[in-house]
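Note on naming: letters A, B, ... go to the chains in the order of the sequence lines (proteins, then strands), and numbering restarts at 1 for each one.
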Amino acid sequence: MAGMFRELRSEVEEAVETALSDLGLPTDDLGVEEPPEDVPAVLASSVAFRLAGEVGAPPPKVAVDIAEEIDATPYDYLESAEPQGPYVNFFVSDAYYAETVAAGRDADYGSLPDTGKDVVVEHTSANPTGPVHVGRARNPILGDSIARLLDFAGNDVERHYYVNDAGRQVAVFTWAYETFEESDLPDPERDRSDYDLVRYYRRGNAYLEDADEEDAAAAEEEIAEIMQGLEAGEEETYERVAVVVDQVLGGMRQSLERLPAEFDEFVKETSFIRGGEADDVVDRLQASEYAVYEDDAWQLDLSPFGFEKNLVFLRSDGTTLYTTRDLAHHEWKFENYDEAVTVLGEDHKLQAEQLDAALEILGNDTSDLRQTFYSWVNLPEGGMSTREGTGVDLDDLLDESVARAREEVEERLDSRIRDDELDEDDIDRIARQVGIGAVRYDIVSKQPTKGITFEWERALDFEAQSAPYVQYVHARCRGILNEAESAGIEAETEISLLDTDAERDLLRVIARFPAVIEEAAEDLEPHAVATYVREFAETFNRFYRECSVLNAEDDDVAAARLGLVEASRHTVANALSVLGIEAPKSM
RNA sequence: GGGCGUGUGGCCUAGCGGAUCAGGGCGAGGGGUUCCUAACCCCUCGAUCGCGGGUUCGAAUCCCGCCACGCCCGCCA
């Protein structure tokens, strides 16, 4: 049940290995790969190139010998091996296609068997200083998609947001919130706690920058007091900070939920100070052979790990640093989960590597920790900053996208052929699904390491190679399924009647889905699923044009095609679900 | 200065050692709807895969050098 393609791949690998060893040839590299689109085989091998020297014959001759030696009879899905030039091509049996339709007709098609692993995915973890802006939006979208992907690949997944509530920023924020008067501030951009409070944060930062030395120093003293209070474990200080943090975070959560990105737990940095775990980390690091005491501060000499500079883990005033607390945080993850995944901006790369080294020093096995990085989303004119108030708020982007999607829906209403009468709720629903989906797909479909420059027109393009393009395929499937039901057509798993190129192409693409999930999950690359689902949609649209279900030659063909549509619907719905994009029942 | 990342047609993007077409999309031009929703499909235009070397039977993909851009090199997070 783990996917026909994956089983076929195993069969082919075994068959090639057997044939090679029977021929007395090395089996270390089987060269099994996917052939180009125009080759009708499902898999191919390029071993002949590598073995040509050894055999003393040209690759095409070697390919013939290997193909002849391969015995397909013991296998269910491998039908035959045929040489073509220097390649050996592998063709599949009807059972391969039949099992694909049968598997695809299960609603959870594509999901992988339970791994039994508990995995924690930490993502976003943006400082609670103000509304989420587009520059940060890649993190929740990527992180949430990775969590969904790992879940679909058979893992038990928890999503965590690590709340930085112990740093200087929140101290500044708390001081500003307690110091400035609302009447001195501009109106909030939205009636929500994060938009409300960020005004104090911005005012506070501006004050620190512009105030004369004496006033600034006085403010700094108050800020330092808050930081010291946190470190000393003063309950009262925690409460003061929490008033600010919890309110801002509450607002930010509402933005994130629109994506949607939801969390199982918000883990506060201060909890590792209060619980004593951070102090414990300090004690153990001080006792390690890498610890040095320089300039009144405790540091780690990480040169054996390839780092030029020392990593300070305890300030000269005796307080801990972000990384120190994060060490305690990660040890806690190791205790409670089998694997930990963290989604971070590229600016945290060095810090993440140092964290890794320090965790090793503390005796942890960091092979269970995987960090994945992404580049920032910038505006054409530069970066975005919460503190300075520059950038596009995520809420504004989503609102704009939904509004444009609504315009599209309304425009298309007139030329609509289908007589299913979309009501006001449908229009709302479609605008939201398409609008949010478009933003999400635009972000999740690109390699995370590539930088993105945010441009309205490009982000909100609903044409081909976008979420709506794929979502439309789902709506088409639902449309066919609904009509078929009223027409009394029952789906069948009947491969012999699905023999056109369009049908076979679609079957082959559907068969690959579980293998795509497997590989994407292994590499933490949801964009591979986005690429796949786009290819799937292209293939489906060709099938849709050429092979009518409701107007098929006869009832048997209609029933067989309906089975294929069912499998298609599950494939596209599940792929979209992994990407966190809704699958509309109509558009 | 050092480290990491990115560089694919006018623009965006996939591929990251294998099939003398490097896939898609946007854009530009031309077609398609008495037939399951045209947010669709088909055709045409357009790429020395940043530059220069090297390894290999084979390189967009690996190695070296260079150039451009981004990020990092705090007792900030």
Side-chain angles (χ1 to χ4, degrees), chain A residues 31 33 35-39 44 46 49-50 52-53 58-59 84-87 89 125 127 129 164 166-170 269 294-299 306-310 312-317 319 321-323 326 345-351 353 373 375-376 378 383 405 408-409 411-412 415-420 430 434 438 442 445-447 449-453 455 457-458 461-473 475-484 487 527-528 530-531 534-535 537-538 541-542 544-552 558 561-562 565 586-587:
Chain A
E33 60 199 51
E37 268 178 48
D38 54 338
V39 174
S46 58
F49 281 114
R50 252 158 278 119
Q84 185 182 336
Y87 295 88
N89 288 335
S125 304
N127 294 327
T129 51
N164 304 151
R168 177 184 157 80
Q169 291 174 89
V170 291
E269 200 178 338
E294 283 175 21
D295 304 326
D296 301 327
W298 280 94
Q299 323 190 2
F307 296 99
E308 279 180 36
K309 300 195 176 173
N310 288 350
V312 175
F313 63 91
L314 193 66
R315 291 190 184 97
S316 51
D317 67 358
T319 59
L321 289 92
Y322 174 84
T323 307
D326 206 20
E346 61 178 348
D347 54 333
H348 283 65
K349 216 162 184 177
L350 177 64
Q351 186 261 328
E353 284 164 0
F373 301 90
S375 295
W376 295 107
N378 286 315
E408 289 285 332
V409 180
E411 237 171 72
R412 289 162 204 272
S415 57
R416 206 177 160 80
I417 299 171
R418 200 177 185 77
D419 59 346
D420 58 354
I430 295 166
V434 166
D442 186 59
S445 62
K446 294 177 170 76
Q447 286 193 105
T449 47
K450 292 202 176 201
I452 295 179
T453 301
E455 288 162 58
E457 329 82 68
R458 209 189 301 147
D461 182 7
F462 298 150
E463 297 294 299
Q465 211 168 76
S466 65
Y469 175 78
V470 176
Q471 290 173 313
Y472 191 60
V473 165
R476 279 182 151 176
C477 288
R478 285 289 296 259
I480 295 170
L481 260 8
N482 287 343
E483 300 263 334
H527 85 268
T531 301
R534 194 207 76 217
E535 281 169 10
E538 284 169 3
N541 279 330
R542 248 172 278 139
Y544 182 89
R545 175 171 42 88
E546 292 174 21
C547 306
S548 179
V549 175
L550 302 173
N551 305 304
R561 285 180 179 166
L562 193 60
V565 171
S586 65
M587 276 175 75

Next item on the list: Using the six-membered ring for Trp and the full ring for Phe, Tyr or His, decide whether W376(A) stacks on the six-membered base ring of rG70(B) (centres under 5.5 Å, planes under 30°).
Entry: no
Checklist line | Counter-base of rA59(B), judged by Watson-Crick or G-U geometry with both distances under 3.5 Å | finding: none
Check: Hey, does the side chain of R542(A) come within less than 4.0 Å of rC41(B)'s phosphate (OP1/OP2), counting only N and O?
Finding: no
Margin query: Taking the basic N atoms (NZ, or NE/NH1/NH2) and the acidic carboxylate oxygens, is any pair closer than 4.0 Å for E408(A) and R412(A)?
Written below: yes
Item checked: Distance in angstrom units between Q169(A) CD and rA77(B) P, rounded -> 9 Å
Checklist line | Under the side-chain hydrogen bond (donor to acceptor under 3.5 Å, both in side chains) test, residues paired with S548(A) that sit two or more places apart | finding: N551(A)
Next item on the list: Could you let me know what rC45(B) is paired to, Watson-Crick or G-U wobble, both distances under 3.5 Å, or none if it's on its own?
Entry: rG27(B)
Next item on the list: Using salt bridge (charged side-chain N to carboxylate O under 4.0 Å, His left out) as the criterion, list what pairs up with R561(A), not counting sequence neighbours.
Entry: E503(A), E553(A)
Next item on the list: Establish, with yes or no, whether the OP1 or OP2 oxygen of rG24(B) is under 4.0 angstrom from a side-chain nitrogen or oxygen of Y469(A).
Entry: no
Notebook entry, point to check: For K446(A) and rC12(B), is the shortest distance between a side-chain N/O and OP1 or OP2 below 4.0 Å?
Noted result: no
Next item on the list: Check whether any side-chain heavy atom of N164(A) sits under 4.5 Å from a side-chain heavy atom of Q169(A), and report yes or no.
Entry: no
Please tabulate, one pair per line, each protein N/O and nucleotide N/O from nucleotides 25-32 of chain B that are separated by under 3.5 Å, including the distance.
unit_1, atom_1, unit_2, atom_2, d
rG25(B), O4', Q465(A), NE2, 3.3
rG25(B), O2', A464(A), O, 3.3

Next item on the list: Look at R476(A) and rA38(B) and indicate whether a side-chain polar atom (N or O) is within less than 4.0 Å of OP1 or OP2.
Entry: yes
Next item on the list: Describe the nucleic acid contact of I452(A) in one word from base, sugar-phosphate, nothing, applying a heavy-atom distance below 4.0 Å.
Entry: nothing
